[in-house]
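Got a structure for you, written out below as structure tokens; questions coming shortly.
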There are 2 protein chains.
Amino acid sequence: MNKREFKDKIYGELAKVTKAMGNPHRMEIIDLLAQGPFPVEQIANATGLSIANTSQHLQTLKHARLVQITRDGNFIRYSLAGENVYNAWAGLRELGMVYNSEVDKVVKDFRKGFNDLDPVNADDLLKMIEKKNVVILDVRPEEEYNRGHIHRAISVPLEQLGDRLKSIPKSKTIVAYCRGPFCLYADEAVATLTQKGYNAKRMTEGFPDWVQKGYPVEVETTK
Amino acid sequence: MNKREFKDKIYGELAKVTKAMGNPHRMEIIDLLAQGPFPVEQIANATGLSIANTSQHLQTLKHARLVQITRDGNFIRYSLAGENVYNAWAGLRELGMVYNSEVDKVVKDFRKGFNDLDPVNADDLLKMIEKKNVVILDVRPEEEYNRGHIHRAISVPLEQLGDRLKSIPKSKTIVAYCRGPFCLYADEAVATLTQKGYNAKRMTEGFPDWVQKGYPVEVETTK
DNA sequence: CAATTATTCAATAAATAAATTGAATAGGTT
DNA sequence: AACCTATTCAATTTATTTATTGAATAATTG
């Protein structure tokens, strides 16, 4: 193998992995799988794809070793192959948000529609936790909260928010978070809370980013 | 814009950027441009592509805002649009090297051919610098050394290595570095030095990775 | 062991990306 | 102003990727 063949081989392999990521649906799937394992049907529902199409995209990701499967009864659950997958994905996300002003603009414009201005980021939230003047709401589905959540966050899945307002104190700042910067659960929660008179904000990032930064979490102990 | 349109837009934009990276030649170009600005012809030579083909790939990268141009006399020089581009690229590289055992294997096998076993990584080298028992050789072209190099490294471009052996002490460990883990200049230098009786090793990473880690550098002051 | 359910495979058509060639452009130089 | 030189554009062919449909598979349950 000469030098050129060596380079062709190496960059070829890297390009394969990158290509496997370089599709809108697969980007969304990776973002979702960062929350943990999901069966094909749920992935299809979340992304609006057909089951067969979802399966094909998952095969593409699997061949590139970006996702792995675990069998659980009748279901096959897909999850990310390791933390490097999320790291790489987050790197691309940052790239998109910094240099492609359209992405940033669309996100900001959409949040305006929820009256969700002045969000806090993960570093802000960490400081607020130290000062103990904040209530943190995890508004993802309960299953995802159970797999792991921000230290001292309470689980209030978006569908239950209306019923559980009385347990949320108006005297403190409320920070809601969800799956990631493109997940809208937290925005919807903030819209509801603000309307009811709460001082509520969303955290711009999601739980996986909190984990990536090494900030305090509680994780599922069993299994 | 509804939720689905929002997500399609966001993930679509991210996929565009990722697709722009997801090609073997463009991967190699990004890796090269991490050293600084290069004109099209040099990029074509380094990658073995035709000028026209190189130009097309550069246009693709430019439209995705991954590279930017600066005019300098008759030449147009291309360089990375910012540090996030290198960060994202390095994230994909790690992903490829960790989960795709083929990449790791090819790199290791190729190094064996240079008798270049037992390399040091950036962290190792930092410790060796503290102990002052190492000579660091920057074996990239001089122009790249001039733009920035590891603190106290001396410039010995590969072509000049044979002529400059007498100035390199045999009493110390020699560590050579170059552009990155897939660059072969350092391997060739190590092969030559080892054959002449030196205790020489390569640093597995390259200069951009050293910078990314925030380790001590000397950079061009003028301009 | 047949039936059920979740998932994957195979085949096709439509869309997108790549390499090649030669012509066009746009700075700088004489 | 005419001429260089580096770079880009346009047009073509070939290769790859995507979505869709319906059939096939494989583990589980009755």
Side-chain angles (χ1 to χ4, degrees), chain A residues 4-5 7-9 11-30 32-33 37-79, chain B residues 4 7-9 11-30 32-33 37-79 143:
Chain A
R4 180 48 30 213
E5 285 166 349
K7 298 209 166 183
D8 286 348
K9 175 73 182 166
Y11 292 113
E13 290 296 324
L14 294 186
K16 271 190 211 167
V17 174
T18 309
K19 265 187 192 158
M21 282 195 166
N23 170 280
H25 301 308
R26 293 197 293 269
M27 283 261 161
E28 186 171 0
I29 290 171
I30 292 170
L32 177 63
L33 297 190
F38 287 89
V40 178
E41 195 184 358
Q42 274 193 55
I43 300 170
N45 288 342
T47 54
L49 296 172
S50 72
I51 300 257
N53 202 353
T54 304
S55 178
Q56 285 211 158
H57 283 301
L58 286 168
Q59 291 308 305
T60 303
L61 291 170
K62 191 164 154 240
H63 290 141
R65 294 172 226 231
L66 295 171
V67 305
Q68 61 193 2
I69 63 174
T70 49
R71 294 205 87 104
D72 180 10
N74 228 339
F75 293 89
I76 290 172
R77 290 191 209 280
Y78 285 83
S79 54
Chain B
R4 179 53 23 216
K7 297 209 165 183
D8 286 349
K9 176 73 183 165
Y11 291 111
E13 290 296 324
L14 293 186
K16 270 190 211 167
V17 174
T18 308
K19 266 187 192 155
M21 281 197 167
N23 170 279
H25 301 308
R26 293 198 293 269
M27 283 264 160
E28 186 171 0
I29 290 171
I30 291 170
L32 177 63
L33 297 190
F38 288 88
V40 178
E41 195 184 359
Q42 275 193 55
I43 299 169
N45 288 342
T47 54
L49 297 171
S50 72
I51 300 258
N53 202 354
T54 304
S55 178
Q56 285 210 159
H57 284 301
L58 287 167
Q59 290 309 304
T60 303
L61 291 170
K62 192 164 154 236
H63 289 141
R65 294 174 226 231
L66 295 171
V67 305
Q68 61 191 3
I69 62 173
T70 50
R71 295 206 87 104
D72 180 10
N74 230 337
F75 293 88
I76 290 173
R77 290 192 208 279
Y78 284 83
S79 53
E143 191 187 354

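Keep in mind that what you see is a predicted model, and the values were worked out from it rather than measured. Per chain, numbering begins at 1; letters A, B, ... match sequence-line order.
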Measure CG/B/Leu49 against C1'/C/dT20 and give the value in whole Å, please.
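Roughly 12 Å, once rounded to whole Å.
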How many Å lie between CD1 on B/Ile43 and P on D/dA6, as a whole number?
14 Å
Begin with the C-alpha distance, continue with both residues' side-chain angles, and end with the deciding distance and a verdict on salt bridge (charged side-chain N to carboxylate O under 4.0 Å, His left out) for A/Glu5 and A/Lys9.
CA-CA 6 Å; A/Glu5 285 166 349; A/Lys9 175 73 182 166; over 6 Å; no
Expressed as a whole number of angstroms, how long is the span from B/Tyr11:OH to D/dT18:P?
18 Å
If I compare all heavy atoms of B/Pro24 with all of A/Ala15, which pair ends up nearest, and what's the gap?
N-CB, 3.4 Å
Check the distance between D/dT14's C1' and B/Asn53's CG and give it to me in whole angstrom.
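B/Asn53 atom CG is separated from D/dT14 atom C1' by 14 Å.
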Pair A/Glu28, B/Arg4 - check salt bridge (charged side-chain N to carboxylate O under 4.0 Å, His left out), show working.
CA-CA 11 Å; A/Glu28 186 171 0; B/Arg4 179 53 23 216; 2.7 Å; yes
Report the distance from atom CG of A/Asn23 to atom P of D/dT16, rounded to the nearest whole Å.
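In whole Å, D/dT16 P lies 18 Å from A/Asn23 CG.
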If you round to the nearest 0.5 Å, how far is CG of A/Leu61 from CG of A/Asn23?
8.5 Å
Which value, rounded to the nearest 0.5 Å, describes the distance between B/Lys16 atom NZ and B/Arg65 atom CZ?
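Between B/Lys16 NZ and B/Arg65 CZ, I get 9.0 Å after rounding to 0.5 Å.
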Atom pair distance, as rounded to whole Å: NZ in B/Lys16 and C1' in D/dT17
17 Å
Let me spell it out: for each of A/Pro24 and A/Arg71, pick the nucleotide of DNA chain D with the closest heavy atom. Which residue's pick is nearer the 5' end?
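With A/Pro24 and A/Arg71 compared, the 5'-side residue is A/Pro24.
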So does A/His25 get a side-chain nitrogen or oxygen closer than 4.0 Å to the phosphate oxygens (OP1/OP2) of D/dA19?
yes
In Å and rounded to the nearest 0.5 Å, what is the NE2 to OG1 distance from A/His25 to A/Thr60?
12.0 Å
For nucleotides 7-13 of chain C, print each protein N/O atom paired with a nucleotide N/O atom at under 3.5 Å, atom names and distance only.
residue: C/dT7; atom: OP1; partner: A/Val40; partner atom: N; Å: 3.4
residue: C/dT7; atom: OP1; partner: A/Ile76; partner atom: N; Å: 3.3
residue: C/dT7; atom: OP1; partner: A/Ile76; partner atom: O; Å: 3.2
residue: C/dT7; atom: OP2; partner: A/Glu41; partner atom: N; Å: 3.3
residue: C/dT8; atom: OP1; partner: A/Gln59; partner atom: NE2; Å: 3.2
residue: C/dT8; atom: OP1; partner: A/Tyr78; partner atom: OH; Å: 2.3
residue: C/dT8; atom: OP2; partner: A/Ser55; partner atom: OG; Å: 2.8
residue: C/dT8; atom: OP2; partner: A/Tyr78; partner atom: OH; Å: 3.3

Round to a whole Å and report the spacing from CG of B/Asp8 to P of D/dT18.
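The answer, rounded to whole Å, is 15 Å.
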